[in-house]
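Order of appearance sets the numbers: ligands from 1, and atoms from 1 within every ligand. Quantities reported herein were computed from a predicted structural model and do not represent experimental measurements.
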Amino acid sequence: MKRIFVTGALGQIGSELVVKLKELYGSRNVIASDVKDIGKDNYEGVLFEPLDVTDGERFFKIVKRHKIDTIMHLGALLSAVAEQYPQKAWDVNMMGLYNALEVSRELECALFTPSSIAAFGPTTPKDNTPQDTIQRVDTMYGITKVSGELLCDYYFKKFGVDTRGIRLPGIISYKTLPGGGTTDYAVEIFYEALRSKEYTSFIAEGTKMDMMCMEDAVNAIIKLMEADPSKLIHRNAFNATAMSLAPEDIASEIKKHIPEFKLYYDVDPIRQAIAESWPNSIDDTAAREEWGFSAKHDLASMTELMLEKLSIKLNIEYNPPAA
Ligand code: SER
């Protein structure tokens, strides 16, 4: 990777990936873009270009003008929003990816596309879900993710485009809020723990989903894109996880820091149905073996990090327990 273009750069992952890429590859070698026009050409110290990813012509022009060799295509609608606006989700997620693939083919770029635990459905084995398994998904987000995985594999096989992807779990971060996902509760819970010492979860007790701290997700994306291609048996997309959590697991860890914290439930049937169609835990052996994936944060270190960073961000006093 030398010159990197990031779509969806203002989103939860993009906003942190851009900063890390800038650190590693230099501010002049990273170009950020998003459908939201911030009205200036600088974002986090790198060049910013507004781009609606469904606009293939503009996508092509920007990548060509900046002599990009790697595209990180993060612009997409998340699961809950996609379920609300399925037609728009198909349009943005599939047309956006198609344009990213075509631009990569024409301008010989490598392409990273995030897939998701949403690429698994109700008939997928739920525990320790294998890398290669049944993917009969039943959400629009999942359909765009499975179709995307297949399309990326096709572009690699047919045109030699260097496509790579990760089935990301719920990502926990303190900088930018996720926008309309099913795993969002696992971020909100930390904000509310500090603000009101209680949280009402829209996901039911006992519903396990895979999660990962943002730092691990960003490092994984970069590591995969830098991996030796001859070692990659799979490409689109690798299972990767750090922990499998239900709401009460996070709550009991928070209680170690904020003993009065209380967890309530008011289950949202739409997001609960999505969550129930996803695995409880996935097996990421292929990612570990083929490109050395590993995650640094577990539930304890993630909880500590989230509470510490958010207390600064929200300006809420919080006394970490003595070590
Ligand atoms: N965090 C994502 C979502 O909930 C999973 O890909 O939509």
Side-chain angles (χ1 to χ4, degrees), residues 7-8 11-17 72-86 88-90 92-94 96-97 112-122 124 126 129 135 137-149 152 165-191 201-204 207-218 220-221 236-247 250 267-282 284 287 295 302 306:
T7 71
Q12 188 198 13
I13 299 176
S15 63
E16 300 209 30
L17 183 63
M72 301 213 166
H73 177 53
L74 306 179
L77 300 193
L78 283 181
S79 59
V81 180
E83 226 37 46
Q84 215 179 341
Y85 307 104
K88 185 171 180 200
W90 176 263
V92 172
N93 293 13
M94 293 316 298
L97 177 59
F112 173 81
T113 315
S115 185
S116 162
I117 48 171
F120 299 119
T124 303
K126 283 239 170 294
T129 304
Q135 293 181 271
V137 294
D138 66 354
T139 63
M140 180 49 91
Y141 182 65
I143 291 167
T144 66
K145 289 299 173 189
V146 176
S147 312
E149 289 187 4
C152 286
I166 302 177
R167 291 180 186 134
L168 290 172
I171 307 295
I172 319 284
S173 65
Y174 49 83
K175 185 178 171 189
T176 307
L177 280 166
T182 302
T183 52
D184 294 13
Y185 88 85
V187 176
E188 291 170 6
I189 194 170
F190 291 104
Y191 280 80
S201 172
F202 58 78
I203 292 296
T207 312
K208 294 257 187 205
M209 285 185 277
D210 284 287
M211 307 280 172
M212 190 190 290
C213 213
M214 179 63 87
E215 187 189 337
D216 288 323
V218 163
I221 293 169
N236 303 287
F238 286 94
N239 287 3
T241 185
M243 50 201 127
S244 156
L245 302 176
I250 307 177
V267 174
D268 166 17
I270 295 177
R271 284 179 287 189
Q272 182 61 25
I274 297 174
E276 279 171 22
S277 77
W278 293 354
N280 298 327
S281 64
I282 59 176
D284 57 15
M302 176 188 80
M306 287 297 285

Is there side-chain contact between Tyr141 and Leu77, with at least one heavy-atom pair below 4.5 Å?
no
So do the side chains of Asp210 and Ser281 get within less than 4.5 Å of each other, counting heavy atoms only?
yes
What is the nearest protein non-hydrogen atom to atom 1 (N) of ligand 1, stated with its residue, atom name and distance?
Thr183 OG1, 2.7 Å
Does one side chain, of Thr7 or His73, offer a donor that lies under 3.5 Å from an acceptor on the other?
yes
Under 4.0 Å from a heavy atom of Tyr141: give me the atoms of ligand 1 that qualify, with their elements.
6 (O), 7 (O)
Just jot down the ligand 1 atoms closer than 4.0 angstrom to any heavy atom of Gly181, in number order.
3 (C), 4 (O), 7 (O)
Got a sec: does the CG of Leu177 have more than 12 other heavy atoms crowding it under 6.0 Å?
yes
Atoms in ligand 1 with a heavy atom of Ser79 nearer than 4.0 Å
3 (C), 4 (O), 7 (O)
Determine whether Leu74 and Pro114 make a side-chain contact, defined as any pair of heavy atoms from C-beta on separated by less than 4.5 Å.
yes
Atom indices of ligand 1 within 4.0 angstrom of Thr182 heavy atoms, with elements
3 (C), 4 (O), 7 (O)
In this structure, does ligand 1 have an atom that sits under 4.0 Å from one of the heavy atoms of Tyr185?
no
Lys88 atom NZ, over 12 foreign heavy atoms within 6.0 Å
no
Distance to 0.1 Å, residue and atom name: give those for the protein heavy atom nearest to atom 6 (O) of ligand 1.
Ser116 OG, 2.6 Å
